[in-house]
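Shown next, in structure tokens, is the structure this report addresses.
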Amino acid sequence: MPELPEVETIRRQLEKEIVGKTIVDVWWDRPKMLRPRPEAFVNGVKNRRITGVERKAKLLIFELSDGFFVCHLRLSGRLLVRRKDDKPDDYVHVVLKFENNKELRFAEARLFGYMQYVESQEELDKILEKYGPEPLDDLTAGEFFKILQKTSRPIKLVLLDQNRIAGVGNIYANDALFLAKIHPRTPANSLSASQSSSLLKAIEQVFKEGLKYGGASDQWYRQVHGEKGSYQEHFKVYGQAGQVCDVCGTKIKRIELGGRGTFFCPQCQTL
DNA sequence: GATATCGCCTGAAGGC
DNA sequence: TGCCTTCAGGCGATAT
């Protein structure tokens with residue numbers, strides 16, 4: 001699933017591929033994937049030039065010669081840069097067509113992802129204001145500790161809460177908690193300043209690793225030319241239930257937390 | 001206000 | 001082989 005490193009990998013590739021291109025047509029077959037409505041989306045983006053591709057947390061922001069559109073890949077979204085005559089891709093539900101037969105295909109197997117036309121900077125700011133700070137940005141150890149002090153919810157769920165900290169998803173939350181030797185159920189406000197600081201460093205470390213390997217390709221995530229990332233070959237605990245911990249040799253456990261698969265080493269990460 | 005739960009949605013995997 | 005059930009999960013809406 002695309003988290004901050006995966007979305008940033010896509011953003012960097014898209015920046016090279018589609019900035020300066022004008023959207024000459026839009027094809028779609030799933031109304032729910034185009035917001036606010038398909039007609040408004042098409043009217044908003046058609047004949048507009050893409051002037052930049054930015055990112056906030058897991059949200060891609062496409063700057064247009066007039067207005068914006070944003071794209072959330074949710075669980076299984078892919079953005080593929082292809083030529084019109086390239087072989088079809090599976091699960092494609094939106095295609096932005098450019099001049100010179102180039103196109104951006106939005107493939108989404110589970111239909112959770114969406115593209116949304118955003119008319120003004122004010123409207124965009126409203127969308128972005130709900131996101132908390134990003135760990136890779138300018139979040140200091142002190143600010144991070146303050147955020148964690150505000151709630152007694154399990155730390156793993158706090159990391160996944162985009163309103164508090166933006167960009168962390170299930171994979172990197174599991175691996176960062178392992179590196180910081182913190183049990184996923186630990187109440188956030190019970191962490192010491194030193195543990196909180198270690199956790200922030202661990203998040204930065206797994207994000208940097210994720211970026212270095214071009215993201216983690218589970219079943220769905222692909223880069224813009226269809227290639228897989230390789231961070232999945234470097235998972236520390238995510239998806240590793242039953243495998244032995246690299247540090248102590250204990251078997252990695254899987255529990256459910258907030259309805260999501262949660263992986264940890266019961267020896268290295270005690271409550 | 002904070003927290004917990006539900007529903008969206010479909011492909012893949014496993015059981016029979 | 002084919003059908004059925006279970007699992008995966010980000011996030012907004014709704015309930016507690």
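In what follows, every chain begins at residue 1, and chains take the letters A, B, ... in the order their sequences are listed.
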Should the heavy atoms of other residues, nucleotides or ligands under 6.0 Å from CD of A:Glu143 be counted, would the total exceed 12?
yes
Count the heavy atoms belonging to other residues, nucleotides or ligands that lie under 6.0 Å from CG of A:Asp86, then report whether that count exceeds 12.
yes
A:Tyr231 and A:Tyr172: aromatic ring centres closer than 6.0 Å?
yes
Please work out which residues in residues 214-223 of chain A have a non-hydrogen atom less than 4.0 Å from an atom of DNA chain B and list them by number.
A:Gln219, A:Trp220
Where chain A begins and ends its contact with DNA chain B, read 5' to 3' at 4.0 Å from heavy atoms:
B:dT3 to B:dA12
Global bending angle along the helix from B:dA2-C:dT16 to B:dC16-C:dG2, which compares the axes of five pairs at either end, to 10 degrees:
40°
Could you go through the side-chain hydrogen bond (donor to acceptor under 3.5 Å, both in side chains) check for A:Asn174 and A:Lys236 one step at a time?
CA-CA 8 Å; A:Asn174 278 288; A:Lys236 294 151 197 4; over 6 Å; no
Salt bridge present between A:Glu15 and A:Arg55 (N-O < 4.0 angstrom)
no
For the pair A:His234 and A:Tyr213, name the ring-plane relationship: parallel under 30°, tilted 30 to 60°, perpendicular over 60°.
parallel
Pair A:Phe41 and A:Tyr117, ring centroids less than 6.0 Å apart
no
Quick check on contacts: within residues 147-180 of chain A, what sits under 4.0 Å from DNA chain C by heavy-atom distance?
A:Gln162, A:Asn170
Provide, to the nearest angstrom, the distance between the OH atom belonging to A:Tyr91 and the C1' atom belonging to C:dA8.
14 Å
If only atom types and distance count, is the side chain of A:Glu256 paired as donor or acceptor with the main-chain N or O of A:Thr262 below 3.5 Å?
no
Any chain of hydrophobic side-chain contacts (each under 4.5 Å) joining A:Leu96 to A:Met33?
yes
Grab the CG-P distance between A:Leu4 and C:dC11 for me, whole Å please.
12 Å
For the pair made of CG in A:Leu257 and C1' in C:dG10, what is the distance, rounded to whole Å?
15 Å
The correct set of residues in residues 105-131 of chain A placing a heavy atom under 4.0 Å from DNA chain C is A:Arg110, A:Phe112, A:Lys130
So, for A:Gln162 and A:Ala57, which heavy atoms are closest and what is the spacing to 0.1 Å?
OE1-CB, 4.1 Å
Given side-chain hydrogen bond (donor to acceptor under 3.5 Å, both in side chains), test A:Asp125 with A:Gln121 step by step and report yes or no.
CA-CA 6 Å; A:Asp125 290 344; A:Gln121 183 69 51; 2.9 Å; yes
To the side chain of A:Glu256, which of C:dA8, C:dG12, C:dG9 is closest?
C:dA8
Look at A:His72 and C:dG10 and indicate whether a side-chain polar atom (N or O) is within less than 4.0 Å of OP1 or OP2.
no
Closest non-hydrogen atoms of A:Leu73 and A:Phe106, given as atom of the first, atom of the second and distance, are CD2-CE1, 3.7 Å
Rounded distance (Å) that lies between atom P of C:dC11 and atom NZ of A:Lys56
13 Å
Sequence neighbours excluded - side-chain hydrogen bond (donor to acceptor under 3.5 Å, both in side chains) pairs with any residue from residues 87-108 of chain A:
A:Glu17-A:Lys102, A:Asp29-A:His93, A:Ser76-A:Glu108, A:Arg82-A:Asp89, A:Asp89-A:Arg105, A:Glu103-A:Arg105
Do you know which two heavy atoms are closest between A:Cys71 and A:Leu59, and how far apart they sit?
O-CD1, 3.7 Å
Does the distance from a Lys or Arg side-chain N to an Asp or Glu carboxylate O, for A:Arg12 and A:Glu8, drop under 4.0 Å?
yes
Mind checking A:Arg35 for me? I need base, sugar-phosphate or nothing, with any heavy atom below 4.0 Å counting as a touch.
nothing
Which heavy atom of A:Pro133 sits nearest to which heavy atom of A:Leu139, and what is that distance?
CG-CD1, 3.8 Å
